[in-house]
> 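Below: one structure in structure tokens.
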Amino acid sequence: MTINQTMNISRESMNNYQHALAVVSHNIANQNVDGYIKLRADFATNPTYSYGNNVYSNIRGLNGACISQITSYANNAAANSAREANSGAQYYYTLDSIMGQLGEISNELGDDGLQATLADFFSAAQNLSANPTDPSARRIYIESAQSVAMKFNSVAKSLDNLQEQLVGNWQQPATIENSDIYMSVQDFNQKLERLTEINKQIVVQGVDNSAGLINERENLLNDMSAYVDLNVEYNKNGSVDVKMGDIKLVAGAEQQLKLNVVTGDATTPAIIQVEKMDGTLVHSNANSEVSGGQLGAILDIVNQSDDGLITISGMRAKIDEMASTFATEVNNIQTFVDGTTQAMALSVDPATGQQILVPSTEPIFNITNPITADSISVNQNIINDPNLIATARVDTSVDGWENNVGNTDNIVATAQLRDKKTMSTFGGENNVTFEGFLTYYSGEVGLQQSDIKGKFDTANTLNDSAQTNLQSITGVNLDEELADMIKFQRGYEASARVFNTANEIYQLLVTLGE
């Protein structure tokens with residue numbers, strides 16, 4: 001080996017160690033950057049040359065070392081596990097957040113809300129039964145009915161507002177563009193596009209020259225897993241395929257599909273669709289392929305479910321059912337007719353000026369098709385004329401029935417409605433009263449809220465563990481970096497010493513030659 005060869009090898013060695021130290025410095029500088037994947041400088045032997053078959057020729061052919069590549073510490077298996085855990089944690093985080101709002105709405109059904117207004121209504125009916133001709137008692141009865149209707153309206157409005165915030169109003173499709181799910185889908189699609197672009201760059205540049213791109217892609221995939229559970233497959237050329245359920249969205253350097261979200265109907269207010277890049281519809285309803293993450297949680301809590309989950313649509317349907325049943329039961333009593341026995345309102349005999357009974361034909365609550373929690377309202381004719389309230393129920397075949405203004409059988413029947421089993425807690429035979437149903441349903445919401453909170457805590461713990469494991473593999477460890485720094489510094493110093501020694505020998509030889 002010549003002196004020049006020794007100097008060249010040692011000079012390149014110093015350059016190698018300088019670059020390796022730069023990698024270490026880069027790692028240390030990024031130690032607090034979330035999602036940063038550490039890098040390492042990989043050394044390799046430079047190609048040797050053959051000058052003969054003896055030892056001296058082999059020595060002469062030695063050519064030192066080089067940095068062959070900068071390798072990312074990305075770990076595919078650990079990253080997949082971390083993404084799955086992140087998707088689960090985000091799913092329950094979103095559910096927990098929405099259930100918190102549903103819990104607040106549920107409070108409107110309890111002791112200080114709808115249940116209290118119902119109790120006041122039945123108390124007003126009881127009071128009116130003791131004073132059937134008292135104008136004040138009649139007015140209080142009407143006001144209590146209005147309070148019940150307004151409380152139903154308020155609960156319905158709260159549920160509608162929450163649903164519109166999440167997925168828009170299915171009856172006004174344009175509102176979906178201002179919803180949480182629409183914004184999430186748009187952001188997810190943008191990330192899909194960026195992921196595809198990164199895949200293309202990695203394929204062109206090669207895996208060995210794409211450490212920074214790989215780092216960006218892994219962070220991007222982690223962000224995407226917050227929206228939906230992803231299946232990521234790593235290809236030999238360094239690119240990845242990304243699937244949602246069984247639907248392949250990205251195949252290496254090509255984005256094949258994208259997501260869209262549209263409004264549906266009352267039971268399925270939001271529908272995830274899958275489209276080609278030109279907008280051609282591929283899956284008109286891909287909700288079954290969406291699991292985990294924010295999108296999965298929103299779909300599960302908004303659309304009606306068969307798995308026992310209390311959803312916004314399901315809760316709204318129950319409140320609508322209760323409002324319809326309540327209004328119908330009260331109206332049926334108000335306009336009761338059974339043969340010659342009828343519900344009676346008050347009127348005034350124009351000849352005598354005395355109060356008399358007349359058949360009741362005006363319902364307490366307006367009849368709409370259907371009666372829902374947001375449409376229930378008190379008949380304006382009843383509000384204008386409280387005498388239209390049917391307090392009496394008499395047999396019109398009996399002489400003088402019209403003078404029996406003190407009869408209270410009809411309003412008593414309204415008061416007794418409080419104890420009638422009008423609602424079902426299991427979808428079968430009616431087994432609870434109105435107030436009992438509210439107590440039961442509010443309790444079910446509370447239990448579900450507690451259950452989801454517990455599952456979120458568990459999922460969050462699992463996510464922390466998965467992220468810690470991934471970080472232990474891919475993250476910066478200062479002890480390791482400092483050890484590498486010392487190693488590379490010592491290598492640089494040794495190479496510099498060899499270079500200086502060879503240079504001194506070279507200078508000595510030059511001097512001797514003179």
Side-chain angles (χ1 to χ4, degrees), residues 114 117-153 156 320-398 400-418 420 422 434:
L114 181 57
T117 59
L118 282 172
D120 291 342
F121 172 80
F122 291 123
S123 294
Q126 188 68 41
N127 183 58
L128 182 56
S129 69
N131 305 280
T133 60
D134 183 1
S136 177
R138 287 176 173 266
R139 177 58 58 188
I140 291 173
Y141 177 78
I142 293 173
E143 290 174 352
S144 65
Q146 287 179 300
S147 294
V148 171
M150 287 188 291
K151 183 56 70 173
F152 271 119
N153 298 160
D320 284 344
E321 178 190 354
M322 182 175 175
S324 177
T325 302
F326 175 75
T328 300
E329 290 281 352
V330 172
N331 284 345
N332 286 344
I333 295 173
Q334 169 72 10
T335 58
F336 177 83
V337 177
D338 183 11
T340 58
T341 302
Q342 298 185 40
M344 296 290 170
L346 278 181
S347 186
V348 176
D349 187 336
T352 64
Q354 299 296 314
Q355 287 184 322
I356 59 173
L357 297 178
V358 294
S360 173
T361 58
E362 291 285 346
I364 296 294
F365 295 100
N366 289 313
I367 300 175
T368 58
N369 189 21
I371 298 175
T372 62
D374 65 336
S375 71
I376 186 173
S377 60
V378 175
N379 184 353
Q380 188 62 46
N381 292 334
I382 295 287
I383 296 173
N384 294 339
D385 185 4
N387 282 335
L388 294 178
I389 299 170
T391 53
R393 181 181 296 180
V394 298
D395 185 349
T396 56
S397 65
V398 177
W401 61 266
E402 64 274 9
N403 297 316
N404 194 7
V405 295
N407 182 288
T408 59
D409 290 351
N410 210 61
I411 197 65
V412 167
T414 302
Q416 290 174 343
L417 184 60
R418 182 174 194 174
K420 181 180 179 181
T422 51
F434 290 120

> Would Thr368 and Asn366 count as a side-chain hydrogen bond (donor to acceptor under 3.5 Å, both in side chains) if you check the C-alpha gap in whole Å, the side-chain angles of each, and the deciding distance to 0.1 Å?
CA-CA 6 Å; Thr368 58; Asn366 289 313; over 6 Å; no
> Compare every heavy atom of Ser324 with every heavy atom of Ile371, then report the nearest pair and how far apart it is.
O-CB, 3.2 Å
> Rounded at 0.5 Å granularity, tell me how far CG in Asn131 sits from OG in Ser136.
9.0 Å
> So, taking the atom named OG in Ser377 and the one named CD in Gln146, what distance separates them when rounded to the nearest 0.5 Å?
9.5 Å
> Carefully, step by step, assess Asn403 and Leu357 under the rule side chain to side chain contact (heavy atoms under 4.5 Å, CB included).
CA-CA 6 Å; Asn403 297 316; Leu357 297 178; over 6 Å; no
> Mark yes or no for whether Ser129, through its side chain, and Gln126, through its backbone, hold a donor-acceptor pair below 3.5 Å.
yes
> Using a 4.5 Å cut-off on heavy atoms from C-beta on, say whether the side chain of Leu128 contacts that of Arg138.
yes
> Could you tell me if the side chain of Leu118 sits less than 4.5 Å from the side chain of Met322, heavy atoms only?
yes
> Keeping Arg418 on the side-chain end and Phe122 on the backbone end, is there a donor-acceptor pair under 3.5 Å?
no
> Where is the tightest heavy-atom contact between Thr335 and Ala343, given as atom of each residue plus distance?
C-CB, 4.3 Å
> Is a side-chain N or O of Asn379 found less than 3.5 angstrom from the main chain of Pro363, in a donor-acceptor match?
yes
> To the nearest 0.5 angstrom, please state how far the CD1 atom of Ile367 sits from the CD1 atom of Ile376.
12.0 Å
> Aromatic ring centroids of Phe121 and Phe326 under 6.0 Å?
yes
> Donor-acceptor pair, Thr117 side chain versus Leu114 backbone, under 3.5 Å?
yes
> Does Thr408 reach the main-chain N or O of Ile411 with its side chain, forming a donor-acceptor pair under 3.5 Å?
no
> For a quick test of reading the model, state the closest non-hydrogen atom pair linking Arg393 to Asp409 and the distance between them.
O-OD2, 3.7 Å
> Donor-acceptor pair, Asp385 side chain versus Asn381 backbone, under 3.5 Å?
no
> Is the shortest heavy-atom distance from the side chain of Phe434 to the side chain of Leu417 under 4.5 Å?
yes
> Using 0.5 Å steps for rounding, measure from the CG atom of Leu388 to the OG1 atom of Thr361.
7.5 Å
> Could you tell me the separation between the OG atom of Ser360 and the CD1 atom of Ile382, rounded to the nearest 0.5 Å?
6.5 Å
> For the atom pair CD (Gln342) and OG1 (Thr396), what is the distance rounded to the nearest 0.5 Å?
5.0 Å
> Can you name the closest pair of heavy atoms from Ile389 and Tyr141 and give their distance?
CD1-CD2, 3.5 Å
> Check whether any side-chain heavy atom of Gln355 sits under 4.5 Å from a side-chain heavy atom of Ser347, and report yes or no.
no
> Any side-chain to backbone donor/acceptor pair from Asn153 onto Ala373? Under 3.5 Å, distance only.
yes
> Determine whether a donor-acceptor pair (N or O, by modelled atom type, separation under 3.5 Å) exists between the side chain of Asn410 and the backbone of Ile333.
yes
> Is Val394 close to Thr341 at the side-chain level, that is, under 4.5 Å between some pair of heavy atoms?
no
> Between Asn387 (side chain only) and Leu346 (backbone N and O only), is there a donor and an acceptor less than 3.5 Å apart?
no
> Is there a side-chain contact between Gln354 and Val405, using heavy atoms and a 4.5 Å cut-off?
no
> Report yes if the side chains of Met344 and Asn404 come closer than 4.5 Å at any heavy-atom pair, otherwise no.
no
